[in-house]
Protein chains: 2
Amino acid sequence: MKNGISLKELAARLKLAPSTVSRALNDSYEISEATKKKVISMAEKLNYQPNPFARSLRENKSKSIAVIIPERINNFFAQVIDGIESITSEHGYHLLVYSTHEDVEKEKKIVSLLQNGRADAIVMSVSSQTNDISHLKNLYERGLPILFFDRVCAEIPTTKFITNDYESAFEGTKHLLQQGCKRIAFLMLSMELSITRERHRGYLDALKNAGIEPESRLSICCSHQDAENIQLITELLNSKSRPDGILASVEKLALSTYHAVKKTDLSIPDDLKVISFSNMSIPNLLNPSLTTITQPAEAIGQECAKILIKKLTKPRQPDLPNEVISLPSKLTIRESTLVR
Amino acid sequence: MKNGISLKELAARLKLAPSTVSRALNDSYEISEATKKKVISMAEKLNYQPNPFARSLRENKSKSIAVIIPERINNFFAQVIDGIESITSEHGYHLLVYSTHEDVEKEKKIVSLLQNGRADAIVMSVSSQTNDISHLKNLYERGLPILFFDRVCAEIPTTKFITNDYESAFEGTKHLLQQGCKRIAFLMLSMELSITRERHRGYLDALKNAGIEPESRLSICCSHQDAENIQLITELLNSKSRPDGILASVEKLALSTYHAVKKTDLSIPDDLKVISFSNMSIPNLLNPSLTTITQPAEAIGQECAKILIKKLTKPRQPDLPNEVISLPSKLTIRESTLVR
DNA sequence: AAAATATTCGAAAACGATTTCGTATTTAAA
DNA sequence: TTTAAATACGAAATCGTTTTCGAATATTTT
């Protein structure tokens, strides 16, 4: 792999000093327009490409941003990254993307790889196993800008982008109640997750608000094994005091519910109504079509990127403010919560 | 952002020369075991993290691999990247991920950003608009290892990983014929794409093999606008000589077909049988469940990564061989092609 | 015309690692 | 005991930029 021409060689061709060429290319006021033109045209002619590592070393910036997500096979995260990229690419930033596969140990490894300046900032959504956050605190204290979205980490005083989890879950539960549900179950991944806590609160409050005493048996913590979850939900649906409504706090649990229902002689929405947080592209092609609470994923990504770009490109910016910014989700009612 | 301690500072603490410390950490034979121990323990104590850019500059490697895909919101590509990451992360490589959004101009921009050594290699699947490949040829000629998967570029003499597109399409079409289809349509994105050409060949040959003369009207080139495609397919289904079977060469066109069917009074599979290349996670939750040809996406990613790691880590490796490696897809028959 | 100020550029240091070359001390061979 | 070879480390160059400092020439001011 032959790298192209270097600044020094370019300077030699021009019979100029490297410093002059560097300044000319960076449009410094110290260089006359005449030489600037000469330098630029020669640079283009020889297809000069500055070495990013020399520049990074000198300037102590990497021009890249690390994005850490719990899983790739998930439209929500894909959309967020699209949103991030749409902003950052305009400013010459590159995206290093890592998946933790919902594994804290992997998350720690990834984070430790980012201690050395390889990325100028981190945008992340924590894994569902993450309760010990020392690795994140460590990174934060080194001064590396971190920004959370969706699954945030309250203990780190930085900016977080979420959706209105509480209200959305509240509204979703209310919708189920309005459709006649009496016993609503809440499906979640891990109680450690910020989103499940918030969504669970919304669920509980909606029940209480309707004068219904929540049954703890109906708040169900699932795993990452789809097969296990399907089994668990199937048993739930076959139990004598089965729920007649389900709020899935993440998409995959709604899908497991659909699979589980197939193994019973129940049907959606007649025997069981289902609503789910989901960013899948085809909720209306499911049978029945799925009522969803959809996050503005791409916008979340864009907002993350905007605040980050500001922090990284403008001089003397303060630390990312310790605040939680909420972008509202959208409830779309479909057949899975229909009364007929 | 305070970067950690440098090698020089570490050396000072140890009252050793930087060169010695460097060698000790790299386990050089020139350094005694005693000093190695001292150096390593001190490095751990002070949490020394080598600066990746100094190293990259000196060694002329980036330790990162660029992955270019046409879209993120697509399980197939997500799975491939998971596969790549599973191998490369073990070897200390980082993944720079770019999406072209099916836009050649974006693809060219991304590729031009990769001319300066920021990545040690490229793994990519070309955009559906890509017919002029000068930007890729350029990169190849600079000696940067490029590796294609799925949507390959025949003109670049390097290794390509695909699935058995021809055979899969042949078998898929044969299956439709066996289920009684008489007029089978082929849905594709762009004739420029290697996968559509191969899959189309398989489709045509299967028809001819069954003594059916292919109608060019039934080979339909779609766009990237889902709404347009749904409209197009709806019109097709409403035409007097409508097809009774559809082979979708990519997943999104099968989904558009499902949407289109909803707008007619036809039903799948009774009036129209559908089969599609697809890596979606829930083909069996569609209504009706979708018969799919599924690529071994993660394995493709892993194989790409393995050959690349070999090329990048072993000394004096030859160029990536100019060969096409095929990993077989799997046909899974579901309701959408059922006879009842 | 002399002095002060712009204007334009070059030399060299710096970023933080690796590596070539050189050298002092030990150890082994003659 | 002398010589040769092995061992263990240091000094300095190097990768390709940017930037500080310095200086020469040109321009303006007094």
Side-chain angles (χ1 to χ4, degrees), chain A residues 1-40 42-43 46-64 92 113 115-118 120 142 315, chain B residues 1-40 42-43 46-64 92 113 115-118 120 142 315:
Chain A
M1 171 66 191
K2 29 179 187 262
N3 259 335
I5 195 176
S6 77
L7 186 76
K8 210 194 293 183
E9 294 168 310
L10 179 57
R13 285 276 205 299
L14 286 158
K15 293 188 193 297
L16 285 173
S19 48
T20 305
V21 176
S22 171
R23 277 184 277 237
L25 292 174
N26 292 327
D27 200 31
S28 161
Y29 71 97
E30 291 182 292
I31 306 297
S32 70
E33 292 304 320
T35 44
K36 272 184 194 172
K37 278 213 180 88
K38 263 189 270 179
V39 170
I40 290 171
M42 179 67 86
L46 300 181
N47 190 28
Y48 166 72
Q49 304 277 0
N51 182 310
F53 304 118
R55 186 174 276 175
S56 287
L57 177 59
R58 175 64 219 232
E59 308 209 308
N60 204 29
K61 357 182 169 168
S62 66
K63 276 284 181 178
S64 48
L113 290 174
Q115 286 192 1
N116 54 15
R118 188 177 280 271
D120 292 338
R142 291 177 78 95
Chain B
M1 172 63 191
K2 29 179 190 263
N3 259 334
I5 194 174
S6 78
L7 187 77
K8 209 194 290 183
E9 294 168 310
L10 179 58
R13 284 276 205 300
L14 286 158
K15 294 187 193 294
L16 286 173
S19 49
T20 306
V21 176
S22 171
R23 278 184 278 235
L25 292 174
N26 292 325
D27 200 31
S28 161
Y29 71 98
E30 291 182 290
I31 305 298
S32 71
E33 291 305 318
T35 44
K36 272 185 195 172
K37 279 217 179 82
K38 262 189 269 180
V39 170
I40 290 171
M42 179 65 87
L46 299 181
N47 189 30
Y48 166 73
Q49 304 278 0
N51 182 309
F53 305 119
R55 187 175 275 174
S56 287
L57 176 59
R58 175 63 218 232
E59 306 210 306
N60 204 29
K61 0 182 167 163
S62 66
K63 276 284 179 178
S64 49
L113 290 175
Q115 287 192 0
N116 53 15
R118 188 177 280 272
D120 293 338
R142 293 177 77 92

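Letters A, B, ... are given to chains in the order of the sequence lines, protein chains preceding strands, and every chain is numbered from 1.
Nucleotide dT7(D) holds its P atom 12 Å from the CD atom of Glu33(B), rounded to whole Å. Taking atom CD of Glu30(A) as the reference point, atom P of dT19(D) lies 11 Å away to the nearest angstrom. In this structure, the NZ atom of Lys63(A) is 12 Å from the P atom of dT18(D), given to the nearest Å. One atom, CG of Leu10(A), and another, P of dG16(D), lie 13 Å apart when rounded to the nearest Å. Atom NZ of Lys61(B) and atom P of dC15(D) are 17 Å apart (whole Å). Look at OH on Tyr29(A): it is 12 Å from P on dT19(D), rounded to the nearest Å. Atom CG in Leu7(B) sits about 12 Å away from atom P in dG10(D), given to the nearest Å. As rounded to whole Å, 13 Å separates atom P of dA8(D) from atom NZ of Lys38(B).
If one axis is set at each end of the helix from dA1(C)-dT30(D) to dA30(C)-dT1(D) from five pairs, those axes are 50° apart, to 10°.
Phosphate contact (OP1/OP2 of dT17(D), side-chain N/O of Tyr48(A), threshold under 4.0 Å): present. Listed pair Thr35(B) / dC9(D) meets the phosphate criterion, a side-chain N or O lying under 4.0 Å from OP1 or OP2. Between Asn26(A) and the phosphate of dT18(D), there is a side-chain N or O to OP1/OP2 separation shorter than 4.0 Å.
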Sequence neighbours left out, cut at 3.5 Å: what donor-acceptor pairs do the side chains of residues 6-16 of chain A make with other protein atoms?
{"from": "Ser6(A)", "atom 1": "OG", "to": "Lys8(A)", "atom 2": "N", "distance (Å)": "3.3"}
{"from": "Ser6(A)", "atom 1": "OG", "to": "Glu9(A)", "atom 2": "N", "distance (Å)": "3.2"}
{"from": "Ser6(A)", "atom 1": "OG", "to": "Glu9(A)", "atom 2": "OE1", "distance (Å)": "3.3"}
{"from": "Glu9(A)", "atom 1": "OE1", "to": "Ser6(A)", "atom 2": "N", "distance (Å)": "2.7"}

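The residue among Lys36(B) and Arg58(B) whose nearest nucleotide of DNA chain D is located toward the 5' end is Lys36(B). Projected onto DNA chain D by closest heavy-atom contact, Ala54(B) and Ser32(B) fall at different nucleotides, the more 5' of which corresponds to Ser32(B).
Listed by first then second residue, pairs satisfying salt bridge (Lys or Arg N to Asp or Glu O under 4.0 Å) with a partner in residues 20-33 of chain B read Arg23(B)-Glu30(B), Asp27(B)-Lys36(B), Glu33(B)-Lys36(B), not counting sequence neighbours.
Protein chain A contacts DNA chain C over a range whose 5' and 3' limits, counting nucleotides with an atom under 4.0 angstrom from a non-hydrogen atom, are dT8(C) to dG16(C).
Within 6.0 Å of NZ on Lys38(B) lie no more than 12 heavy atoms contributed by other residues, nucleotides or ligands.
Scanning residues 11-25 of chain B for heavy-atom distances under 4.0 Å to DNA chain C yields Ser19(B), Ser22(B), Arg23(B).
In terms of heavy atoms, Ser56(A) sits closest to Phe53(B) at CB-CG, 3.5 Å. Shortest non-hydrogen contact noted between Gln49(B) and Asn116(A) is CB-CB, 3.9 Å. Of all the heavy atoms in Asn47(B) and Arg142(A), the pair that sits closest is ND2-NH1, 3.5 Å. Of all non-hydrogen atoms in Pro52(B) and Arg118(A), the two that sit nearest each other are CB-NH2, 3.6 Å. For Leu25(A) against Tyr48(A), the heavy-atom pair with the smallest separation is CD1-CE2, 3.5 Å.
Note: Asn51(B) CG to Ile5(B) CD1 = 13.5 Å, rounded to the nearest 0.5 Å. The OG atom of Ser22(B) sits 9.0 Å away from atom CD1 of Ile31(B), with the distance rounded to the nearest 0.5 Å. Here the CG-CD distance, from Asp120(A) to Glu59(A), works out to 10.5 Å after rounding to the nearest 0.5 Å.
Across all strands, Glu59(A) comes closer than 4.0 Å only to sugar-phosphate atoms, never to a base (heavy-atom distances).
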Measure all distances between protein nitrogen or oxygen atoms and nitrogen or oxygen atoms of nucleotides 23-27 of chain D, and list the pairs falling under 3.5 Å.
none

